[in-house]
Peer 1: 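The structure's right below; bear with me while I get my questions together.
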Amino acid sequence: MVIKVFIASSSGSTAIKKQQQDIMGFLTVNKIDFKECDIVTSEDNRKWMRENVPEDFRPMTGVPLPPQIFNEEHYCGNYEAFFDAREEHAVYAFLGLTAPPGSKEAEALATLEQQ
């Protein structure tokens, strides 16, 4: 499974740049393999991202903006959803991955299973 992070390499928005850096930094530090898909340099990436963000998660007006996260073809969410999952120690579940042994998420799952 490949985590795909759709980004804009030359965004004029500092908020978008920080969100992209936050996601990719977290994935890198936690050794979660991912593929960076730039929607600025690839029209195919831009078209694919826009077509595959589910209707329920699109903005009321306009088009979905990066960063957007997918596990292969499965939509995981945008930055806000990633941030919430990180705060709840549930990033692996958010990404559709198994939490590694010893991680806070794995420990939380083990505690829930024991109850």
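Everything numeric in this text was worked out from a predicted model, so none of it was measured.
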Peer 1: Flag the pair Tyr79 / Ile16 as yes when at least one side-chain heavy-atom distance between them is below 4.5 Å, and no otherwise.
Peer 2: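 Side-chain contact under 4.5 Å: no.
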
Peer 1: By the definition ring-ring contact (aromatic ring centres under 6.0 Å, His included), identify the one residue from Trp48, Phe82, Phe57, Phe94 that meets it with Phe70.
Peer 2: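 Among Trp48, Phe82, Phe57, Phe94, the one that satisfies the ring-ring contact (aromatic ring centres under 6.0 Å, His included) with Phe70 is Trp48.
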
Peer 1: Below 4.5 Å, heavy atoms only, C-beta onward: do Met24 and Ile7 meet side chain to side chain?
Peer 2: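 The answer is yes, as the side chains (C-beta and beyond) meet within the 4.5 Å cut-off.
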
Peer 1: Quick one: pull up CG in Asn45 and CD in Glu36 and give me the separation to the nearest 0.5 Å.
Peer 2: 10.5 Å

Peer 1: Assigning hydrophobic clusters by single linkage (Ile, Leu, Val, Met, Phe, Trp, Tyr; side-chain heavy-atom cutoff under 4.5 Å), is Val91 placed with Tyr75?
Peer 2: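 Result: no, two separate clusters.
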
Peer 1: For Asn30 versus Tyr92, what's the shortest heavy-atom pair and its separation?
Peer 2: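 Taking Asn30 first and Tyr92 second, the nearest heavy atoms are O-OH, 3.8 Å.
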
Peer 1: Give a yes or no on whether Val5 and Leu97 share a hydrophobic cluster (residues Ile, Leu, Val, Met, Phe, Trp, Tyr; joining criterion: side-chain heavy atoms under 4.5 Å apart).
Peer 2: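 Same hydrophobic cluster.
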
Peer 1: Could you tell me which non-hydrogen atom of Asp38 sits nearest to which non-hydrogen atom of Ser9, and how far apart they are?
Peer 2: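 Between these two residues, the closest heavy atoms are OD2-OG, 2.5 Å.
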
Peer 1: Which heavy atom of Ile23 sits nearest a heavy atom of Ile69, and at what distance?
Peer 2: CD1-CD1, 3.7 Å

Peer 1: Between Leu65 and Phe6, is there a shared hydrophobic cluster once you connect ILVMFWY residues whose side-chain heavy atoms come closer than 4.5 Å?
Peer 2: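 Unlinked, Leu65 and Phe6 end up in two clusters.
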
Peer 1: At what distance, to the nearest 0.5 angstrom, does NZ of Lys47 lie from CD1 of Ile39?
Peer 2: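 It comes to 14.5 Å.
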
Peer 1: Minimum heavy-atom separation for Arg58 and Asn52, please, with both atom names.
Peer 2: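 The pair with the smallest heavy-atom distance is NH2-N, 4.3 Å.
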
Peer 1: Test His74 against Lys4 for side chain to side chain contact (heavy atoms under 4.5 Å, CB included), laying out the working first.
Peer 2: CA-CA 10 Å; His74 173 75; Lys4 298 177 185 175; over 6 Å; no

Peer 1: What's the shortest heavy-atom distance between Ser11 and Lys17, and which atoms?
Peer 2: O-CE, 2.6 Å

Peer 1: For the atom pair NZ (Lys35) and CG (Leu27), what is the distance rounded to the nearest 0.5 Å?
Peer 2: 15.0 Å

Peer 1: Salt bridge check, Lys104 against Glu107: does any charged N sit closer than 4.0 Å to a carboxylate O?
Peer 2: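 No, this pair does not count.
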
Peer 1: Can you list the steps and then say if Gln19 with Glu80 is a side chain to side chain contact (heavy atoms under 4.5 Å, CB included)?
Peer 2: CA-CA 9 Å; Gln19 292 172 357; Glu80 289 76 18; 4.0 Å; yes

Peer 1: What distance separates Lys18 NZ from Ser13 OG, expressed to the nearest 0.5 Å?
Peer 2: 9.5 Å

Peer 1: Quick one: closest heavy-atom pair of Pro100 and Ala106, and the distance?
Peer 2: O-CB, 3.3 Å

Peer 1: Enter the distance from Arg46:CZ to Glu51:CD here, rounded to the nearest 0.5 Å.
Peer 2: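 Reported to 0.5 Å precision, the distance equals 12.5 Å.
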
